[in-house]
Amino acid sequence: QVQLVESGGGLVQPGGSLRLSCAVSGFGFDYYARGWFRQTPGKEREGVSCIDNNNGETNYADSVAGRFTISRDNAKNTVYLQIDVLEPKDTADYYCGAVHDARGRQAMCVGLRVVGTIVWGGGTPVTVSS
């Protein structure tokens, strides 16, 4: 059974940094792409960033471009989200998702949205406050 487990969230002051991790465990799942999404109460889950597992290409939401960096360590089966210059508006639960087909990869890594089947992690909270 495939599992995604996020870690690295926490409370940070405005202007600070965090590095989120998403580790994949289990078998029988060849993911095409992994992405980071975030969600606040009462709002839809928002695509933040994606990394294509085939060629390493990345994409970012306009609201985070220049402050967030997605990367991967294939040996550890882990994807990271480096978040710098945090702002209070970045406060949210952050989720990692993985898709296992080309259609899902296209939607996630071009449109930062979910189409088809996606495996989600349980999320990690990020709170930006002074």
Side-chain angles (χ1 to χ4, degrees):
Q1 185 175 357
V2 175
Q3 284 188 315
L4 277 66
V5 179
E6 302 94 333
S7 60
L11 173 64
V12 64
Q13 293 186 342
S17 297
L18 284 174
R19 189 175 81 155
L20 308 183
S21 300
C22 171
V24 178
S25 63
F27 301 95
F29 185 84
D30 294 326
Y31 49 89
Y32 280 51
R34 277 182 290 185
W36 287 96
F37 292 70
R38 64 186 181 185
Q39 189 171 23
T40 55
K43 293 189 176 181
E44 291 188 359
R45 199 165 289 188
E46 170 195 21
V48 172
S49 183
C50 178
I51 186 164
D52 187 318
N53 198 55
N54 182 46
N55 57 24
E57 289 186 357
T58 60
N59 191 23
Y60 299 92
D62 290 342
S63 59
V64 307
R67 298 188 299 119
F68 289 21
T69 305
I70 192 169
S71 62
R72 61 180 177 172
D73 184 333
N74 288 339
K76 296 182 178 180
N77 232 0
T78 299
V79 66
Y80 304 97
L81 187 69
Q82 177 69 35
I83 310 176
D84 297 318
V85 196
L86 275 157
E87 304 172 0
K89 66 179 182 179
D90 296 318
T91 295
D93 290 325
Y94 283 71
Y95 296 87
C96 177
V99 293
H100 62 89
D101 57 38
R103 181 167 169 255
R105 175 176 59 196
Q106 175 75 10
M108 181 185 285
C109 285
V110 176
L112 292 173
R113 59 189 183 94
V114 176
V115 171
T117 302
I118 183 169
V119 178
W120 291 110
T124 185
V126 172
T127 303
V128 185
S129 176
S130 55

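Note that the coordinates shown come from a computational prediction; the quantities given were computed from them, not determined experimentally. Sequence positions, counted from 1, serve as the residue numbers for this chain.
Note that OH of Tyr31 and NE2 of His100 are 13.5 Å apart. Values are rounded to the nearest 0.5 Å. The distance from atom NZ of Lys89 to atom OG of Ser63, rounded to the nearest 0.5 Å, is 6.0 Å. Interatomic distance, OG1 of Thr78 versus CZ of Arg34, reported as 6.5 Å (0.5 Å rounding).
In summary, of the residues considered (Ile51, Asp73, Ile70), a side chain to side chain contact (heavy atoms under 4.5 Å, CB included) with Tyr80 occurs for Asp73 alone. Each of Val64, Leu81, Asn59 was checked for a side chain to side chain contact (heavy atoms under 4.5 Å, CB included) with Ser49, and the lone residue meeting it is Leu81.
Considering only residues two or more places apart in sequence or on other chains, Val12 meets the side-chain contact (heavy atoms from CB on, under 4.5 Å) condition with Leu18, Leu86, Val128. Residues passing the side-chain contact (heavy atoms from CB on, under 4.5 Å) test with Asn54 are Asp52, Arg105, sequence neighbours excluded. With sequence neighbours excluded, the residues that form a side-chain contact (heavy atoms from CB on, under 4.5 Å) with Pro125 are Asp93. For Tyr94, the ring-ring contact (aromatic ring centres under 6.0 Å, His included) test picks out no residue, with sequence neighbours left out. The salt bridge (Lys or Arg N to Asp or Glu O under 4.0 Å) search around Glu57 returns none, not counting sequence neighbours. The side-chain contact (heavy atoms from CB on, under 4.5 Å) search around Gln82 returns Ser17, Arg19, Thr69, Asp84, not counting sequence neighbours.
Side-chain atoms of Leu11 and Ser129, non-hydrogen and from C-beta on, do get closer than 4.5 Å to each other. When side chains are defined from C-beta on, Val114 counts as touching Trp120, because their heavy atoms get closer than 4.5 Å. In this structure, the side chains of Asp90 and Arg67 come closer than 4.5 Å at one or more pairs of heavy atoms. Side-chain contact check for Trp36 versus Glu6: some heavy-atom pair is nearer than 4.5 Å. The side-chain heavy atoms of Val24 and Val2, taken from C-beta on, include a pair separated by under 4.5 Å. Phe68 has its side chain out of reach of Thr58: every pair of non-hydrogen atoms, C-beta onward, lies at least 4.5 Å apart.
With hydrophobic clusters built from ILVMFWY side chains whose heavy atoms lie under 4.5 angstrom apart, Tyr95 does not share a cluster with Ile83. Under the 4.5 Å side-chain heavy-atom criterion for ILVMFWY residues, no single connected hydrophobic cluster contains both Tyr60 and Leu112. By the criterion of side-chain heavy atoms lying less than 4.5 angstrom apart, applied directly or through intervening Ile, Leu, Val, Met, Phe, Trp or Tyr residues, Val79 is grouped together with Val126 in one hydrophobic cluster.
In Asn74, the CG atom is crowded: over 12 heavy atoms of neighbouring residues, nucleotides or ligands sit closer than 6.0 Å. When the shell of 6.0 Å around CZ of Arg45 is examined, it contains more than 12 heavy atoms from other residues, nucleotides or ligands.
Across every non-hydrogen atom of Val99 and Gly104, the tightest pair is CG2-C, 3.7 Å. Scanning all heavy atoms of the two residues, the minimum distance from Thr40 to Ala92 falls at CG2-CB, 3.7 Å. Closest approach of Ala107 and Val115 over heavy atoms only: CB-CG2, 3.4 Å. Between Met108 and Cys50, the shortest heavy-atom contact is CG-SG, 3.5 Å. Residues Ala61 and Gly47 approach most closely at CB-O, 3.6 Å, considering heavy atoms. Taking each heavy atom of Lys43 and Gln39 in turn, the nearest pair found is O-NE2, 3.1 Å.
Remark: the backbone N or O of Arg38 is not paired with any side-chain donor or acceptor of Glu46 at under 3.5 angstrom.
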